[in-house]
Amino acid sequence: MSTVLRLAIQKSGRLSEESIKLIKECGIEFSSGGGTLKSVAHNFPIEVLFLRDDDIPGYVADGVADIGIVGENVAVETRKKLTTVRQLGFSTCRLSIGVPKGMEFTGKESLNGMRIATSYPNILSDYLFENNIKASIHEISGSVEIAPGIGLADAICDIVSSGSTLISNGLKETEVVFRSQAILAACPQLSADKQAILDELMFRISAVKNAEKTKYIMLNVPDHAIKTVTNLLPGVKSPTVMPLAEKGWSSLHSVVKESDFWEILSKLKEAGAEGILVLPIEKIVK
Ligand code: ATP
Ligand code: ZN
C-alpha cells in the first residue's frame with residue numbers, strides 16, 4: 001500500500017472552517033460534512049482526521065497523526081514534542097491577563113501575590129517565571145472570566161480576541177501573556193515517504209498563502225505614461241504591457257499587495273490610468 005499522510009484538524013470549532021478551506025485551496029479534495037471522523041482525499045495521498053483541538057498535539061506527537069492544524073496556544077500548553085512546520089495566519093487570538101475594572105493595576109508587578117484563574121496553567125506559569133512574578137495559579141477548565149466575580153480569583157488569564165467577553169464580565173485587559181494563531185505542526189519523526197508528501201503540501205500551502213494578500217490588477221494607460229505607471233507597479237517581475245486596439249493606449253497587467261493597493265490606486269489615476277480592474281488571485285508559485 002502506498003504511503004498516506006495523516007492530517008488532524010479540529011472537528012468543529014474556531015479552527016475548522018479555515019483548516020478545511022486551506023486544504024481545499026491546495027487542490028486536495030475530501031469530504032468533510034456531517035459527522036465524518038476521517039476522510040481519505042481522492043486526489044492526494046492524505047487522510048484527514050477530525051478531532052477535538054485539545055487532542056491534536058498529543059496525537060501528532062505520538063505519531064497517531066503525522067501532522068495537524070492547531071492553535072499555538074493549545075500546542076504550547078500541552079507541552080508535547082512537536083515540530084512547528086509553519087504559522088498559518090488564521091484563528092489569531094491572545095492570552096491576556098484580565099482584572100476587575102476598578103482594580104488599580106500599574107503593570108505586571110501588580111500580579112505579585114494574586115490568585116490567577118486560567119485554563120492555561122503551563123503558559124501562565126512560564127510567563128510568571130520569566131517575569132519573576134510570584135502569584136498562585138488556579139486552574140479551571142471553562143468560564144474563567146467569572147472567577148473574579150465569584151471570589152474564586154483576583155485576576156484571570158484567558159483567550160481574548162475582541163475583548164467584549166472581558167468587558168461584559170466587568171474586567172479589563174492588562175497584560176498580553178501569549179499571542180497565538182493556527183499552526184501546522186508535525187510529528188518530529190516522519191518517514192522519508194511522509195516527509196516527501198509534507199513537502200508537496202507545504203509547497204501548495206505557500207502558493208495559497210502568497211496569493212492571499214495580493215491582487216491581480218489590469219488597467220489601461222496612455223503610452224506616454226507607461227513608464228510612470230510601471231514604476232508604481234512592482235509586480236512579481238515586471239508588468240505585462242499589451243497594446244490596445246485604440247492607438248496610443250496600452251493595457252498593463254500586474255500583481256499588487258492588497259495593503260499597498262489604495263495608496264497606489266490614487267497615484268495610478270493621477271498618472272492617467274483608466275478602466276482599472278482588480279481581481280483576486282488563487283495561487284502564486286514563486
Ligand atoms: P474543541 O471542541 O475542539 O475542544 P474548543 O472549544 O476548545 O474546541 P475553540 O473555541 O473552537 O476550541 O477554539 C479553537 C482555537 O481557536 C483556540 O484554541 C484558539 O487557538 C483559537 N481562537 C481564536 N479566537 C478565539 C476566541 N475568541 N476564543 C477562543 N479561541 C479562539
Ligand atoms: Zn478544545
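Both counts, for ligands and for their atoms, begin at 1 and track the order of listing. Position 1 is the first residue of the sequence; numbering continues from there. The shown structure was predicted, so the numbers you read here are calculated from the model rather than taken from an experiment.
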Between Arg6 and Glu47, does any NZ, NE, NH1 or NH2 come within less than 4.0 Å of an OD or OE carboxylate oxygen? yes

How about Ile276 and Leu265: do any of their side-chain heavy atoms sit closer than 4.5 Å? yes

Show which atoms of ligand 1 fall inside a sub-4.0 Å distance from at least one heavy-atom site of Val74. 18 (O)

Would Lys24 and Glu29 pass as an ion pair if we require N to O under 4.0 Å? no

closest protein heavy atom to atom 14 (C) of ligand 1 is Asp53 OD2, 3.5 Å

Per-atom contacts, ligand 1 versus Gly71 - under 4.0 Å to a heavy atom: 20 (O)

How does Arg14 reach ligand 1, if at all, at less than 4.0 Å between non-hydrogen atoms: by side chain, backbone, both, or neither? both

Among all the protein's non-hydrogen atoms, which is closest to atom 27 (N) of ligand 1, and how far away is it? Ser161 OG, 2.7 Å

Do Ser91 and ligand 1 have an N or O pair less than 3.5 Å apart? no

In short, Met202 meets Arg86 closest at the heavy-atom pair CE-CD, 3.5 Å

Side-chain contact test, heavy atoms from C-beta onward, threshold under 4.5 Å: evaluate it for Val60 versus Ile67 and give yes or no. no

Atom nearest to the Zn ion (ligand 2) - Asp53, N, O or S atoms considered: OD1

Going by the angle between their ring planes, with limits at 30° and 60°, are Phe50 and Phe30 parallel, tilted or perpendicular? tilted

Any protein heavy atom lying closer than 4.0 Å to atom 6 (O) of ligand 1? no

Compute whether any side-chain donor of one residue and acceptor of the other, for Gln195 and Asp199, lie under 3.5 angstrom apart. yes

What part of Asn73, side chain from CB on, backbone N/CA/C/O, both or neither, has a heavy atom under 4.0 Å from ligand 1? side chain

Polar contact flag for Tyr120 and ligand 1 (N/O pairs, less than 3.5 Å): no

Thinking salt bridges, do Glu270 and Lys267 make one under a 4.0 Å N-O criterion? no

Proximal heteroatom of Asp54 relative to the Zn ion (ligand 2) (N/O/S): OD1

